[in-house]
Amino acid sequence: MREIPKDVYRKAAGVLVSRGNAVALTGAGISVESGIPSFRGSQGMWAKYDPAEYATIGAFLLDPEKIWMMFSEMMGVLEKALPNAAHLGLAEMERMGILRSVITQNVDGLHQAAGSRRVIEYHGNPGELVCLSCWKRYPSREKIAGGIPPGCECGEILKPDVVLYGEPIPWGAREDAESEALACDVLLVIGTSAQVAPACDIPRIAKEHGAFIIEINPEETSLTRTVTDIHLPGTASAVMGRLVELLENTRKEPNLSH
Ligand code: APR
């Protein structure tokens, strides 16, 4: 990966300091350096588990035991994952008063673990299991300790409270994410292939309402040449680490960002 020119970093830091009021939209790529595989790409989860066969609500209703094979592997990986410099950098930006919220497509809880307080979980959170028959909810950890697949008192097999294909985005998360996209002056788009709706519409909504779009991703995406104003082509932890360092310096020596 080529070195990102200093002036590109300075421009991004300058925009964040002068505009502030930033929101971050994150995808699986921000957690790759925490040991959690992304979904797409040769090493992605979907290379092992075909999402059409394992990640739809129809597949779960048809054969929940089979889908729990994937769930338990994913939860095992999430258990061991720790926040990396990118998650910590976003929490620091929130403390600086530059970042107002994180909208995450991830279900790994690493933003909260890093100290971010305003996190919108667009695809739910596996911390709870829900019964699709009587709607009773249980804490995941205790329930799973009792065996896989975990069962509800009513006899149905429980589902982690995450959004599968064919399920709606939780109403509150969708509303909050949309209002954050409309309200922000800068949107940081970190580690997402921007291929899954409606999350992938968020950058366009922000852009149409005047936000400056900064994309952090080693690769280009469908956003890069259409919506993105500055692309920082690097890994989330390296780029966020450098960016936060610059933000701290810029705030100490304001003219540094020009
Ligand atoms: N740092 C930053 N970005 C990275 C890194 C890294 N270290 N490694 C990979 N990436 C980028 C990839 O280039 C890719 O663009 O992260 C992106 C990961 O894309 P996906 O695997 O498609 O993940 P995501 O965009 O979050 O998927 C969205 O799809 O299947 C659903 O529900 C699932 O929430 C997920 C949604």
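Residue numbers start at 1 and run along the sequence shown. Counting starts at 1 for both ligands and their atoms, in listed order.
Relative ring orientation between Tyr49 and Tyr54 is described as perpendicular, the plane-to-plane angle rising above 60° on a 0-90° scale split at 30° and 60°.
Of all heavy-atom pairs spanning Phe212 and Lys11, the tightest one is CZ-NZ, 4.0 Å.
Annotation for Arg95: atom CZ counts as buried by contact number, over 12 foreign heavy atoms lying within 6.0 Å.
A distance limit of 4.0 angstrom between heavy atoms and ligand 1 selects the residues Gly27, Ala28, Gly29, Val32, Glu33, Ser38, Phe39, Arg40, Trp46, Gln105, His123, Tyr165, Gly191, Thr192, Ser193, Val196, Asn217, Pro218, Glu219, Thr235, Ala236.
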Open item on the list: His87 vs Ser34, test: side chain to side chain contact (heavy atoms under 4.5 Å, CB included). Steps then yes/no.
Closed with: CA-CA 10 Å; His87 301 101; Ser34 295; 3.6 Å; yes
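Connection of Val196 to Val107 is established within a shared hydrophobic cluster, with ILVMFWY side chains joined at heavy-atom distances below 4.5 Å, either directly or through further cluster members.
Put simply, the side chain of Arg19 never gets that close to the backbone of Val186: no donor and acceptor are under 3.5 Å apart.
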